[in-house]
Each structure stands twice: as structure tokens, then as C-alpha cells.
**Q** 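The structure is given below, and queries will be raised subsequently.
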Amino acid sequence: MITRFLYMASTLALTMSGLAAAAQQSPTAPYLDRRAPIEERVEDALARMTLDEKIAVVHAQSKFSSPGVPRLGIPELWCTDGPHGIRPEVLWDEWEQAGWTNDSCTAFPALTALAATWNREMAALYGRSIGEEARYRRKDVLLGPGVNIYRTPLGGRNFEYMGEDPYLAGEMAVPYIRGVQQQGVAACVKHYALNNEETHRHTIDVDLDDRALYEIYLPAFRAAVERGGAWCVMGSYNLYRGQHGCHNKRLINDILKGEWAFDGVVVSDWGGTHSTREAAENGLDIEYGTWTDGLTEGAGDAYDRYFLAEPYRKMILDGELSRRDLDDKVRRVLRLMFRTSMNQDKPFGSLCSPEHAAAARRIGGEGIVLLRNEGGVLPLDDRSCRRIAVVGENAVKMMTVGGGSSSLKVRRECSPLEGIAARAERAGVEVVYARGYVGDVTGSYNGVETGQNLSDSRSEQELIAEAVEAARGADAVIFIGGLNKSDHQDSEGADRLSLDLPYAQNRVIEALAEANDRLAVVLVSGNAVAMPWIGRVPAVVEAWYLGSEAGNALADVLFGDVAPSGKLPFTFPVRLEDCPAHADGSAFPNDGRTLYSEGIFVGYRGYEHSDTPVLFPFGHGLSYTTFEYSGVRAESRSMKEDGTLTLSVDVTNTGDRAASETVQLYIADLRSSLPRPRKELKGFEKVALQPGERATVIFTIDRSALCFYDDRRGEWVAERGEFEALVGASSADIRGSVKFSLK
Ligand code: BGC
């Protein structure tokens, strides 16, 4: 009663004189009452704001911030990249460094590595840890995670995403988001949607059928919003059916805010806004990065000229645009503020703690994928192996600097060579290093310098000769190569030019294989590469970009201190033209429009559909032990429309090392009125087993696991009839199955 009276009194004072700042900021003003429900606080604050104040909060005031409402004591909103660590501070209106000395962070493994853990607990640990770093650095919005689907292995930003399967990406995004947001920091899921190529990313117009949209490209975003409860979503640069992602009516108003009832904020990607009317009417809530020096052309400090700044204000005053749409945006922005910057109960966070280093190392170790291991090359046996030759530029190159907006400034980065050397030294094993090839010697991004001098003027022959000599005298050879974070590799703004390993790496690997048959090739990359030498190399490891603890995490796995348990979140094709997106030669067109002609047949769905052999299938990953699967069974022979079905399988560790296995559940629709993939991932569980130990893994599925999007009716349907549950160690290694029907 008293509160209500004060509220009315202060509103009256505002309307009468525009003064009464003291009353408005009194701790009893409803928007300041931390015990009041957020929606009441939002309405109260909104009612106090002038038109100018409303306009101010829907566009940026600097590269990474938007203003609050100073008169009302509502603080600014600060964003940060994302998604692998907290970006160093840049100048107010530039991408260049602000020169702070307290803004170094922990770099966590790239999101491909996180996805490769297939472990929801790792995603939660990741989210909590990076959220704590964001909080300590006083950020309100973390620009990540990225959940765009891995459509082609040439995608320059695949390393920032979570693979080719929408279910896996969604399952991993949800705990990440919750972990971040528990810190009072919003996760901003990006880039919504269809941002699957960097080539012409600002102008490419994507067209695809509704089945592909709903079944492949949207589910991870939907999971992030509906189950993860994401408070923020970033629009994409590309267009979808003629309209930019940041103000695309169908994607934002109809699907995100309509069908999924998203109550958070849509922010533009930096420089992704192109029209005041569309931004106003099609659901963009905060505009960032437009027309400032840096990403796009134009003048500096031009924030008033943003589409959602003066031009918007003028169109509202002229009656051309509605105040209702503006109020909707401001409500969302206020809601976000009450969840983050205005949340007085949030923790303070922590930066570069030993716990964060341990988290990065653990997640990295769990994400590393053992692709091939013939003849027991791995793990390195530190009793029989007295000398190890390490070859390759990626053994020493810092990988946390570069790659675009995910580039970081780290407190420390342990390189693969350092990690291996430290572990070897403890066991009295000698390590010799040879460069092998010279790739990318640059070492700076937006003013952050690696400080490494990687220049080397030796010829290819000289470098290979040195590497071969080192390999000949060693008990084991570890080649560490792959891609890096420069243009046309794993980097924002451009795509790869081919599936091949760059530089002279294939020739170095061939020469090493010739010199020593105890060779392991370790790839540091966020993408699949072609392996013409695969038959001659006994061991291959995908080690991703692992951040601050890269070398330690890699050494843990190479020496067997951690048994590998990562599984591929995307397929490695044999040749680029095998990839469904490249099959008709239409990927990365120059005419501004791209049609996803492979439809729903993306990744393993496509390779299986066309019976195309692959190099390493989706879900593949070995360990230093073996697992036996038995007794795949269903609790009942049928599922009711509104019911669930429990499926189980027994898994036994049949080797002599403790290890974890990710057990994968795929569902096949045996007869359907529309074409469907041969099978689709609908469940996974990771189990840790001691040697000889057996566990029963249980999956409970419901109707949604059987559904497809019927574009004739515009809805999800599960058709009655026969289905098959396939349980396996990868999409191509099915160990048992059971049929059931939907009644
Ligand atoms: C990227 C976003 C990033 C933003 C801010 C854009 O270029 O596409 O992912 O969050 O810049 O750095």
C-alpha cells in the first residue's frame, strides 16, 4: 500500500515538473526495490523514461557499451567477446587496445573442443568459469556461445561453433548458458541465424527450405532460448530471404519472439544493422557497431547517426514509426539490465584463478579426439620411450591471438611443446624440436602481440631435412600442425580456400612417416582437413585450439595421464566435393545468393544419405581402452503419443585402463511420408568406467525424438509406425539396435 502510494507520488512529480530526481532514486522507488518482481521494476522504470532516454538505450555509445539511464541511476550495459575468454579492453570508439594491464584472461578451449567432450558437465563448468571471468571484468553480456551449424569444412568460424548436429550443439549450449547467467552475466547466443559462411558475410542472401531451417539450423538456438533461458541473442550479418538477420521479421518476430516466446534482447552483430524501419519493426533491440571506424566504413564517434538513434527518434516524432515498438525494446533492455547490471545479488567473479586454469585443462583434455591409433604408438610410454622428436610450427605458435573477435590477451598460454617438454622432463625423457615448415609468422591482433618471433629463412628442403634427422633418432615422433588463426584458416571474415593442410605440411608428414614408423600427427584446428597420408601414419589426434592450458592438456592425453574420450562433433570427409554443401559446386557463390540445396542432409545426415565414404565419421573417437556394448533394449515395444520410452544398453570397459565413453543414441524413422535422414542423434551419455567395470546407460526419449518438421503443414509431426533406436560409439559404429513403434 505504502509502496503504491510512493510510486504514484513520484510519477506525478515527474509528469508535473520533470524534477524529483531524488524521489525517483529513493530506495523505495519500485524499480530500485531489489525484492520487487522484475516485471514491476521494468514497468516502473519505463514509465519514468523520456523519449530521448528510451532512444539512448537502444543503440551503442561506444564499441562495446550502451548507455544506461544516468538520471535514474540505471548503469550502462557492457558487452564483451566471447566466446572462449574475455576480450581485452579496446578504446572507446576503436578496435585497438586501450592499453590496460589488468585485462588478461584465461583462454578456455574453443567451442569445437567443448562440443567434442560430449559432456554436459564440461559445458556447465565452462559456462561458470568464463562467467566468473566476465563478472570480475565487470561485463554484463558475454557475446557467446556460437551455435551456427558446421555446414562446410571451409567455414572460417567453425572453431567458434559446436559442430554439425543441432541436438549436440543445443545440449552443449544449454549448460554453458546457465553457467554464465548464474554469474549475473547474460549469455548472448550468436549468430542468429544461418551465418554459415564468412565469404560475403554482410551481403550473402541465404535461401533454404523450411525443413532445413527448422530441423538443422534453428534447434540449437531454440534450445538455448527455451531450455538455456538465454537473456540475449545476436542477429547475424547475412540475409535470409532478402532481409538482414539483425532485423529479419520471420526469424526474429515470428520465430524467436513469437513461436519461442523469447523475452530477452536481440542485439545486432557489430555493423549488422542496415535500416531504421526494419530495425524498429522487426525486433532488433540494441544496435551495435554501425558506421564507426573499425568494422564498417564511416566516421568515428557517430553514435547519434545510428539507425536506432537520431533517425529513429525523428521517425517516431514524425509519426512514421510507433512508440509501442520502442517501448517493447526498452522493456527488454530494462529486463536485461535488471537481470545483469542492476542485479545487486550477483557474485563478484574471479579472474585467472587456478580453478579456471584447471577447468581449461580438464575441458581441453576431455575434448581431444584420438582419431586413429595403430600399433600402440599412443600413449607415449615414458619408460621405453627415451627420446621424443616434436616437429611442427603449431607446437610453438601461440593460438590465442588472432582469428577475429574471439582473439584474446592471455595471462599465460602453455604451448604444446612446453606441455610435452614439462611432462617429459618429469619422466626423464629427452625432447628434441624441429620446425618442419614455416606457415604463419604473424603474431598480433588489434594491438595484442604474441611477442613471438617465428620468422625462419630456411628452405623447405632444409626444414624437412632437419625434421627427418630428428625423427630418425627418436623413439617416437609427434608432428604438431594443422591450421592457425590467420586469414583463410580458422578465422573470422574469410573462409578456407581448400580442405588441404596449408604450407608444406603434407610433405613434412610424408617424410616423417618414411623416417620413423612411430609417428603421431596432432592437428591443431577447428576444422576437418584432408589426410592423403592417412594410410602411412599410425596415430592421428585432433587437438583443437585449447587456450591457456593447451600444452598441458595435450601432454595429459599423449602420455596417457588422461585417457582420451573426445568424439568428433563433425564429419571429416575424404574430399571437399563429398561434403553435401559442396556437392553441386554452389557453396560460396559470387552472385550474392546461396541456396542450401542439400536441405536437411547436412553433415552425417548427408554423407549417409548418399552412401559417401568418409575419413572419420561424426561421433568418432577412440580411447586407450576398448568398450563392449551389449543388450540394447527398450522397456516396451511401443511408445504412446504423449508418453516416453526408456532405452538401455550395458557398456563394459574391456581394456586395462580407466576411461570414459560417450554412448550415442540415434533414431531411425523406418517409414515416413517425407524423406528423412537414415538416422539422427537424439541422446548421448558419457560414462566413466574402471577396467572391467560395466554400467547400464539409460536414455528416455519422448515424441520429440521422433518428429520431423512437416513443411506442408508448417508443424512438427511424429508419424505413427516403426522406428529403430541405434546405439553406438559413433554414427558409423552402431553396436546394437531395437525397434519400437509409435502408437
Ligand atoms: C562478430 C561477432 C562479435 C562482434 C563484436 C563481429 O564481427 O561477428 O561475433 O561478437 O564482432 O566483436
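These values consider heavy atoms only, across backbone and side chains, with no hydrogens, waters or symmetry-generated copies. We count ligands from 1, going down the list as the structure has it; atoms in each ligand are counted the same way. Please read all numbers here as calculations on a predicted model, not as lab measurements.
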**Q** Using a 4.0 Å heavy-atom cut-off, say whether R157 meets ligand 1 through its side chain, its backbone, both or neither.
**A** side chain

**Q** Does E492 have a non-hydrogen atom less than 4.0 Å from ligand 1?
**A**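 Per 4.0 Å heavy-atom rule, E492 contacts ligand 1.
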
**Q** Please identify which atoms of ligand 1 are closer than 4.0 Å to at least one heavy atom of K190.
**A**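 Near K190, the atoms of ligand 1 are 2 (C), 3 (C), 9 (O), 10 (O).
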
**Q** I'd like to check which ligand 1 atoms, numbered from 1 as shown, lie under 4.0 Å from a non-hydrogen atom of W95.
**A** 12 (O)

**Q** Determine, using heavy atoms of F64 and all atoms of ligand 1, whether some pair is separated by less than 4.0 Å.
**A** yes

**Q** Would you mind running through ligand 1 and noting each atom that sits below 4.0 Å from a heavy atom of R87?
**A** 12 (O)

**Q** Residues in ring pair (Phe, Tyr, Trp, His ring centres under 6.0 Å) with Y288, at least two apart?
**A**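 Scan of Y288 (ring pair (Phe, Tyr, Trp, His ring centres under 6.0 Å), adjacent residues dropped) gives W270.
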
**Q** Evaluating non-hydrogen atoms only, which member of D269, L143, L142, N195 is closest to atom 2 (C) of ligand 1?
**A** D269

**Q** Side-chain donor-acceptor pair under 3.5 Å between D207 and Y240, yes or no?
**A**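 There is no such pair (donor and acceptor under 3.5 Å, judged by atom type) between the side chains of D207 and Y240.
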
**Q** What residues, two or more places apart in sequence or in another chain, satisfy side chain to side chain contact (heavy atoms under 4.5 Å, CB included) together with D490?
**A** F159, L483, S525, N527, Y545

**Q** Counting from 1, what ligand 1 atoms have a heavy atom of R201 closer than 4.0 Å?
**A** 7 (O), 8 (O)

**Q** State, yes or no, whether a side-chain contact exists between Y303 and T290 at a heavy-atom distance under 4.5 Å.
**A** no

**Q** Taking non-hydrogen atoms only, is Y237 closer than 4.0 angstrom to ligand 1 via side chain, backbone, both or neither?
**A** side chain

**Q** Compute the shortest N/O to N/O distance between W270 and ligand 1 and return yes if it is under 3.5 Å, no if not.
**A** no

**Q** Under 6.0 Å from the CH2 atom of W92, do we count more than 12 heavy atoms belonging to anything else shown?
**A** yes

**Q** Regarding S341 and E76, is there a side-chain donor-to-acceptor distance under 3.5 Å anywhere?
**A**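 Result is no, nothing qualifies.
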
**Q** In terms of side-chain heavy atoms, does E278 have a donor or acceptor partner in H247 at a distance below 3.5 Å?
**A** yes

